[in-house]
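Here the structure comes first, spelled out in structure tokens, and everything after it is commentary.
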Protein chains: 2
Amino acid sequence: MVATTTLKKISEMLNISISTVSRALKNHPDISERTKQKVNDLATMLDYEPNPYAIQLSSKTSKVLGLIVPKVSDLFYTSFIDAVEEESRKNGYSLIILKSDNDVNVEINHVRFCKKQRVAGVFASVTPDTENLEAFERLKEVEIPVIFYDRVPTTEKFVRACFDDKAAAILAAETILEKKKKKILALFGDTHISITQQRLEAFKDVFKKHKSTNKLITAHTRTFEESIAVVTEHFNGDDKPDTIFCMSDEIMVGVMKALQILQLSVPKQVSIITISNDGFYPKLYHPEITYIETSGYKLGKLAFEIMIKAINGDKTIQEYDVDPVLVEGSSLV
Amino acid sequence: MVATTTLKKISEMLNISISTVSRALKNHPDISERTKQKVNDLATMLDYEPNPYAIQLSSKTSKVLGLIVPKVSDLFYTSFIDAVEEESRKNGYSLIILKSDNDVNVEINHVRFCKKQRVAGVFASVTPDTENLEAFERLKEVEIPVIFYDRVPTTEKFVRACFDDKAAAILAAETILEKKKKKILALFGDTHISITQQRLEAFKDVFKKHKSTNKLITAHTRTFEESIAVVTEHFNGDDKPDTIFCMSDEIMVGVMKALQILQLSVPKQVSIITISNDGFYPKLYHPEITYIETSGYKLGKLAFEIMIKAINGDKTIQEYDVDPVLVEGSSLV
DNA sequence: GTGAAAGCGCTAACAC
DNA sequence: GTGTTAGCGCTTTCAC
């Protein structure tokens, strides 16, 4: 390691004490202007940079946030990370990314790591299999705030930042009903995930309430290939859907691939509506797909705001929601 | 802060010295088995976790890596990050993500931050406007290794990990020539970026060498909308291209949107070939797009490998390349 | 085989 | 206004 400039070094060069230097650098009112001048000048000249490890060690506060994410290469998480990174930077924090790969054990290790690292706070979106929240509770014990986002556990014990999944599904369902659609194929993701359940229930409820004469078929798909298969199957039958609802971008791109293969034109032969993150994928197609926007970016901003509150001692435990917005394309008529 | 268990605490409880505890925990040969036993038992019982800040402070080595990236929400960087995160975790490092947003000043601040933070190493993909590498040189002065990846500066002074851009472009060009295509529209990105230049030159060279009778038209586009506009323009003229080459996924999705609008069918009316990251976007279309694969994931693995070498004292400065691979779809016949 | 002591770079209470 | 001192939790040298 090359010699770095420290408080001690500056104090020796100026023949004053370390604490005076420390105070001067912090613009402490006790210190005379002259001394401050001298100290600051020398500090900038020597390119002084406080050692963050020493600060943490003696002050016991860290400026690092941990972000536990199932997967980085996913448009949703990616825009969430973008937002949190921006805010962290603006607020003097740095962000450690910890990917769980949807593995509970990896996740637990990440949480432990955060504790060990004494981070200032943790953002976490859990794996579909996360049930035991003990590791997270340990974090709370040592007063490290935890903000769950997107895939949050069903508990009232932690702060959560989510989309209003029900509202999004309701908005989608109502939009479909307005257009007087008769036969709707609605595709949802993995049944284990709370988001799926919320969206599914709310969606179904709308149809029930309206006692409509439409036919609603729901299905669950986990992969791109499965989505293609389900759509193909339904269009090979007699009673073809006139509308497809997709719970997510991931499902929608599979559906669109299937429609291309089947050579069905949108919206002439089938209408499409999806829930989408930031509307990136819907815009790839022509006509553009009508979607309900749920923005990872917005959620990230919200989550950060909550984090700052929590770090500053706000102990309110509640769920915060980002409201969905309908963005009209031309895929649903 | 809640009381954490420290070496001191353990030493007091066991009535032995701090250094003995420290050694025992490290399985130092000097310490008797009995003592080691006792210490380890108590340590696990008390859930002892060494304070990383104290370790860094006294040992002057950190286990944190910095990753400077222009943008997180980009499939390429995202898979790069995925790979680096995985390797970091496996090797006991943590990863700090620093997004530059393609702003030179933000980038410089990130580099300074890394220095201040005394990270163990820095990965960086520079902005299109980065010219002054002074900040990076400072990093080298304090012996923090820097690995440039993807968008690397044109310098022999730093280690670089890239795709073999020329090889990718050559492979694409040769594939087109083999199919006896007559009129090729080749779309490239921002002219300032070295990748663009490399790919453009190599691509053109192939066509020159073959002294073929084809017509090659090149164009540059910076945005989704621009790509759509350029394609539309060329197909509204008389002399319509029979093939479009796209330098990247970003360009390709714009081209495909334009073709959907123009109602041109692939590959019947126009053939498509693109360079793609991990082939995600090419698979969204039917028929699937033929592409030259450049994998951000592979590049990430490579970059990490080089980083470890550098951290371990390897001072070799050179460029490392990931070779491109042709993946046949059905969009080029 | 174990302990004492100095030091990493900084903060903060207390003294003058 | 400025200096002294102890301490954060750990590593490491030297002593016994």
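Chain letters run A, B, ... following the sequence lines, proteins first and then strands; every chain starts at 1.
Remark: P of C:dT11 and CG of A:L25 are 9 Å apart, rounded to the nearest angstrom. Between the P atom of C:dG9 and the OH atom of B:Y53 lies a distance of 18 Å, rounded to the nearest Å. Taking atom CD1 of residue B:I18 and atom P of nucleotide D:dT11, one finds them 11 Å apart after rounding to whole Å. Put simply, CG on A:D30 is 15 Å from C1' on D:dT4, counting in whole angstrom units. If you measure from atom CD1 of A:I55 to atom P of D:dG9, you get 17 Å, rounded to the nearest angstrom. Summarising the geometry, the separation between CD on B:E33 and P on C:dT2 is reported as 11 Å, rounded to the nearest angstrom. Here C:dA12 presents its C1' atom at 9 Å from NZ of A:K26, a figure rounded to the nearest Å.
The nearest heavy atom of DNA chain C to B:S59 and to B:I31 marks one nucleotide each, and the one closer to the 5' end goes with B:I31.
Nearest to the side-chain atoms of B:L57 among the listed nucleotides C:dA4, D:dC10, C:dG9 stands C:dG9. Listed candidates were D:dC10, C:dT11, C:dT2. Nearest to the side chain of B:A54 is D:dC10. Taking the side chain of B:R23 as heavy atoms from C-beta on, and the options C:dC10, D:dC8, C:dA4, the nearest nucleotide is C:dA4. Residue B:T4 has its side chain nearest to D:dG9 when only D:dC14, D:dG9, C:dC14 are considered.
Phosphate proximity of D:dT2 to A:S32: present, with a side-chain N or O under 4.0 Å from OP1 or OP2. Between A:T20 and D:dT2 there is no side-chain polar atom (N or O) within less than 4.0 angstrom of OP1 or OP2. For A:S17 and D:dG3, the shortest distance from a side-chain N or O to OP1 or OP2 is below 4.0 Å. Residue B:Y48 places at least one side-chain N or O closer than 4.0 Å to OP1 or OP2 of D:dC10. Distances shorter than 4.0 Å separate some side-chain N or O of B:S22 from OP1 or OP2 on D:dT11.
In this structure, A:S19 reaches the bases: a heavy-atom distance under 4.0 Å links it to at least one base atom across the strands shown. Among the protein residues, B:N51 comes within range of the sugar-phosphate backbone only, with heavy atoms under 4.0 Å from sugar or phosphate atoms but none that close to a base.
Counting heavy-atom neighbours within 6.0 Å of B:H28 NE2, excluding the residue itself, gives a total above 12.
Here the straight-line distance linking atom CG of A:D101 with atom CG of A:D103 works out to 7.5 Å at 0.5 Å rounding.
Using cut-offs of 30° and 60° on the angle between ring planes, the pair B:Y93 and B:F304 is perpendicular. Relative orientation of the B:F158 and B:F136 rings is perpendicular, given thresholds of 30° and 60° on the angle between their planes.
Side chain of B:D314 to main chain of B:A310: no donor-acceptor pair is present (N/O by atom type, distance under 3.5 Å, no hydrogens or angles).
Between the two ends of the helix from C:dG1-D:dC16 to C:dC16-D:dG1, each summarised by a five-pair axis, the helix axis turns through 40° (rounded to 10 degrees).
Residues A:N27 and A:K36 have side chains that bring a donor and an acceptor to within less than 3.5 angstrom of each other.
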